[in-house]
Amino acid sequence: MGYLHQTIEPKWQDYWIKNQVFKTSEDLKLPKYYVLDMFPYPSGSGLHVGHALGYVATDIVARFKRMKGFNVLHPMGWDAFGLPAEQYAIKTGTHPKITTAENVSNFKRQINQLGFSYDWSKEINTTDPNYYKWTQWIFLQLYNKGLAYEEEVAVNWCPELRAVLANEEVVNGKSEIGGHPVYRTPMKQWILRITEYAESLLNGLDDLDWPENIKELQKNWIGKSEGAEVHFSVLNSPQSLTVFTTRPDTLFGATYMVIAPEHPLVQDLTTDDNKKDVLDYIEKTKLKSDFDRTEVNKDKTGVFTGSYAVNPLSKEHIPIWIADYVLSTYGTGAIMAVPGHDERDWEFAKKYQLKILEVVSGGDVSKAAYITKEAGEIVNSSHKDTLSIDGLTVSDAINTVISFLEKNRLGRRSVNYKLRDWLFSRQRYWGEPFPIMHTDQGVSPIDESQLPVRLPEVDNYKPSDDGKSPLSTIKQWVEIKDVNDNIIGLRETNTMPQWAGSCWYYLRFTDPQNLQEAWDKKAENYWMPVDLYIGGQEHAVLHLLYARFWHHVLFDLGLVSTKEPFQKLYNQGMILGDDGSKMSKSRGNVINPDDIIEEYGADSMRLYEMFMGPLNKSKPWNTKGLQGCYRFINKLWNTLVDEDGTLSSKIKEIQASKETLSIHHTTVEKVGHDIENLHFNTAVSQLMIYVNHLQDCEEISKELVIDLCKIIAPFIPHVAEEIWQLLGNTNTISYEKWPKFDASLTVKDEVEVAIQVNGKLRATITLDIDLDQENAVNAALQLEKIQSYTNNGQSIVKTIYVPNRLINFVVR
RNA sequence: GCCGAAGUGGUGGAAUUGGUAGACACGCUAGCUUGAGGGGCUAGUGGAGGAAACUCUGUGUGGGUUCAAGUCCCGCCUUCGGCACCA
């Protein structure tokens, strides 16, 4: 007789909601724990089992921490601005608001039937004017701090989507969504000066309890490199060229220079003889797509300007070239080329027969660039009028050269970042409007008292053909008039990207209904930082970097109390289809949680997702495995509950056996420890071991059942509540104290010890716990098996005894 | 190319500071139960050999350290993720 999940689960879900069981306490004196999921975009296809994985994990932690006496903040909300609802609106004319509301209610239904313990009184939605009012407010704080500016930039315009994409949304020259071609077009855009926070964002990583690989990804994305700026004077010209290099030690080996085709001095440096070739080259470069230009293995191309620069150390006259392998957006857009010690320069020099000079010994620069920094010494690097660094190591030479450059005003120590400023505007309807007005005098922010700048109704969601936002077509919204009906300014018609709302939602959760402020300082101070943040690895860089950026700014403005928002981060892995590939509609391997819950119940699904394997690994779905968990719950139920639905008659007020007590306390200890460390799979297996044992017991101590009920509650809360009730309780189990475990009771009297001969297992023996070496070894030597190895004319040269583990005889 | 993560039975995966590899499940095999199906229960299950006791072998691969290596060190192979001309 199985348990009736279809009755039990809705019963307790209703109970939890009706009694507001999971409403967060307002008592700010309690120890707090803030456990957060990356809130979802409520898509039309609904929740799938992969989403649930992270939510189950955080729910278990939240329930566990409540039982450990913490005041737990565990909220859920909706990142509801975004392209799919807008695309749907373009196709069908349905307002994104309507689509969003429908999707949210479906998501919420699905989430609730999984038995999660969210405090729904804290639900937020980024598209709610009461929410985006404060998104706009934070933008104004950034603007006032000089971190938001407008600029005409070449943007990634995708005609198919009719949208401008961020660099991050373009993959290999195609849109990330849909894979449509993307072109570079100049447009006026809002940009956030995230580069100003590059160092801060890099340093902040050190103290975070994040997976190392995520920290590494962010570090690489920020891409700090240390080196020097070096000025090169140009022959017969008042101009000079400044380059950035990480290898000032190789300055003597700089035998030519390259500037990017977009470099501002291209015109000045091109001599009349070379004008035609240069113009041709630049024309050709313009026609190349981004994809072609960043193709690594392509042939390098370039053209000579006709001008020469002077190497500041060797005093050599070196030719200045133009080539598109130099990026205008990194460093100064110009480089000193050291073909002897840089692969790209070497390749280019070979192709155009430029001079290759060895300045670090150890390689053969006629065959390949020698880029090793650790070995070799500087050679061919001295000049009577400047300095000699011959014989120095690379790192000494770097410092010597920088000092020389600084003393002689030829350059300076310098740092560069790969990180670019953040393109922050989109030509879309379904996003936060900017609180910005354009007047004859320029840009002016909307007064904070006028927020929110509401998203107006619009007839047509399509952007205009020239790429302007659909908002630009609404005259009465765009034109801001004074009381006399004079136009005093025009509204900004771009909207913010989807990242905006998720940059600070975790702060809003601390005080979601506040109409006066974005958050109350007391609430923020109490709840922040987020103690545990679980979400997918796909947000490793963008969301997590952007949110950290805003948070750092807010911290500098004194608006938040912690420098970093997310203390501990953990990534749940993907759940693949049962064929081992990514779940997708086209493969037909999608598992719908609704079906699973219908057939096996939410508790089974929760338990299975935790049992599948380590939380952070990808693993294939297997319905058979799920059935195993369903069987386990039934076994548990049938062990504790009789056929008639009352508590099992085996459960009595008795003293449990020593063996049972040992397993019990081991389980209490292991489950608690494993939850703390997010090792849910091993916690579940320990529970299985315990229940397998109880199943074989003739009678079961009621005292232990009470504690067992508590430790299964985070995993399978519906069953736990039901049994808790059968035990005679009338309250919820959710706030019961987590059982204490007694380490002394986990210890057994006897242990099985391995007996090895020369490291090979030959026998096992049961010994008293903590037996001394002499007795243990003697007992082992009595074994017939062992004697056959020791009495054959061989002698024991060494004996290793690891108490309670093994004995190893080394025999020769 | 660079950076990061990972390779353990037929499958998902366990394995404190190096100390009985394969816990716990799935699957499979046999038996019991049932009118059948389903379900439940019992036993077995890394591979090879053997009737059995047992023996050999075994954590991607080749070395090394050690009484002892899935675990530590060095080299290589494969898979996945990220970056990709960043000077």
Side-chain angles (χ1 to χ4, degrees), chain A residues 1-2 172 211-221 223-225 227 243-247 250 254 258 293-298 300 323-327 329-338 341-345 347-348 416-420 537-538 540-541 571 573-574 578 580 608 611-614 616-629 631-632 634-635 638 673 679 681-692 695 751-765 785 796-811:
Chain A
M1 191 69 217
N172 289 340
E212 278 308 313
N213 66 314
I214 302 288
K215 288 194 192 183
E216 206 56 40
L217 285 177
Q218 292 218 347
K219 271 184 205 159
N220 291 344
W221 191 264
K224 179 179 184 174
S225 46
V243 303
F244 172 75
T245 178
T246 55
R247 296 292 302 275
T250 62
V258 186
R293 274 194 67 172
T294 55
E295 177 74 58
V296 180
N297 295 325
K298 69 154 194 205
K300 289 189 175 31
D324 66 359
Y325 81 89
V326 170
L327 306 174
T329 45
Y330 183 78
T332 60
I335 63 157
M336 63 178 213
V338 185
H341 305 282
D342 181 286
E343 286 169 333
R344 299 153 296 181
D345 298 342
E347 195 186 316
F348 192 79
N416 252 289
Y417 301 92
K418 277 204 280 190
L419 185 70
R420 305 291 152 76
Q537 183 144 22
E538 65 274 21
V541 182
N571 298 117
M574 234 183 320
D578 55 9
Y608 173 59
F611 184 60
M612 288 173 85
N616 59 356
K617 296 271 162 45
S618 290
K619 53 239 153 188
W621 179 270
N622 179 357
T623 299
K624 287 277 206 274
L626 170 85
Q627 286 165 352
C629 289
R631 271 202 289 276
F632 165 75
N634 275 293
K635 190 192 286 186
N638 291 330
H673 187 260
H679 296 158
N681 55 328
T682 48
V684 174
S685 94
Q686 183 61 38
L687 288 169
M688 288 174 170
I689 290 168
Y690 187 20
V691 171
N692 285 346
Q695 186 184 226
V751 282
E752 197 171 90
V753 172
I755 314 297
Q756 297 180 340
V757 177
N758 290 339
K760 286 195 175 180
L761 181 72
R762 294 302 176 187
T764 59
I765 186 171
K785 279 295 295 289
I796 298 169
V797 287
K798 196 172 179 185
T799 302
I800 289 110
Y801 177 52
V802 182
N804 306 325
R805 286 265 174 203
L806 61 68
I807 298 169
N808 187 12
F809 296 110
V810 184
V811 170

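Every chain is numbered from 1, with letters handed out A, B, ... down the list of sequences. Remember, predicted model here, so these are calculated numbers, not experimental data.
A/Q695 meets the side-chain hydrogen bond (donor to acceptor under 3.5 Å, both in side chains) test with no other residue; sequence neighbours excluded. Partners of A/Y608 under the ring pair (Phe, Tyr, Trp, His ring centres under 6.0 Å) rule, at least two apart in sequence or in another chain, are A/W621. Residues meeting the salt bridge (Lys or Arg N to Asp or Glu O under 4.0 Å) test with A/D345, sequence neighbours left out: none. Every side-chain hydrogen bond (donor to acceptor under 3.5 Å, both in side chains) that A/N692 has, sequence neighbours left out, goes to A/K635. Considering only residues two or more places apart in sequence or on other chains, A/K624 meets the salt bridge (Lys or Arg N to Asp or Glu O under 4.0 Å) condition with none of them. Partners of A/K418 according to the salt bridge (Lys or Arg N to Asp or Glu O under 4.0 Å) rule, which considers only residues two or more places apart in sequence or in another chain, do not exist here. Contacts of A/N220 classified as side-chain hydrogen bond (donor to acceptor under 3.5 Å, both in side chains), with partners at least two apart in sequence or in another chain: none.
Among the nucleotides B/U20, B/A23, B/C26, the one closest to the side chain of A/A754 is B/U20.
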All N/O contacts under 3.5 Å from nucleotides 2-9 of chain B to the protein, with atom names and distances to one decimal?
none

Pull out every protein N or O sitting under 3.5 Å from an N or O of nucleotides 17-19 of chain B, one pair per line with the distance.
none

Atom pairs, N/O to N/O, protein against nucleotides 38-46 of chain B, distance under 3.5 Å?
residue: B/C41; atom: OP1; partner: A/Q695; partner atom: OE1; Å: 3.3

Can you name the atoms? Protein N/O to nucleotides 57-60 of chain B N/O, anything below 3.5 Å, with the distance.
residue: B/U57; atom: OP2; partner: A/K760; partner atom: NZ; Å: 3.1

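Rounded to a whole angstrom, the distance from the P atom of B/C67 to that of B/C2 is 38 Å. Using C1' as the reference atom, B/A15 and B/U20 are 11 Å apart when rounded to the nearest Å. Nucleotides B/A69 and B/U16 have their C1' atoms positioned 16 Å apart, rounded to a whole Å. To the nearest whole angstrom, the two C1' atoms, one in B/G49 and one in B/U42, are 29 Å apart. Distance noted for atom P between B/U59 and B/C72: 15 Å (whole Å). Going from the P atom of B/A43 to that of B/A23 covers 15 Å, rounded to whole Å. A gap of 24 Å separates the C1' atoms of B/U17 and B/G13, to the nearest Å. Taking the C1' atom of each, B/U11 and B/U66 are spaced 35 Å apart, rounded to whole Å.
Annotation: the span from A/L626 atom CG to A/R631 atom CZ amounts to 10.0 Å, rounded to 0.5 Å.
As judged by a 4.0 angstrom heavy-atom cut-off over every strand, A/S225 is placed among residues touching the sugar-phosphate backbone only.
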Quiz item: Dot-bracket for RNA chain B, 5' to 3', with Watson-Crick and G-U pairs under 3.5 Å, [ ] for crossing pairs and | for other-strand pairs: what is it?
Solution: (((((((..(((......[....)))(((((((.....)))))))((((....))))..(((((..]....))))))))))))....
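Counting only heavy atoms from C-beta outward, the side chains of A/M688 and A/F611 approach each other to under 4.5 Å.
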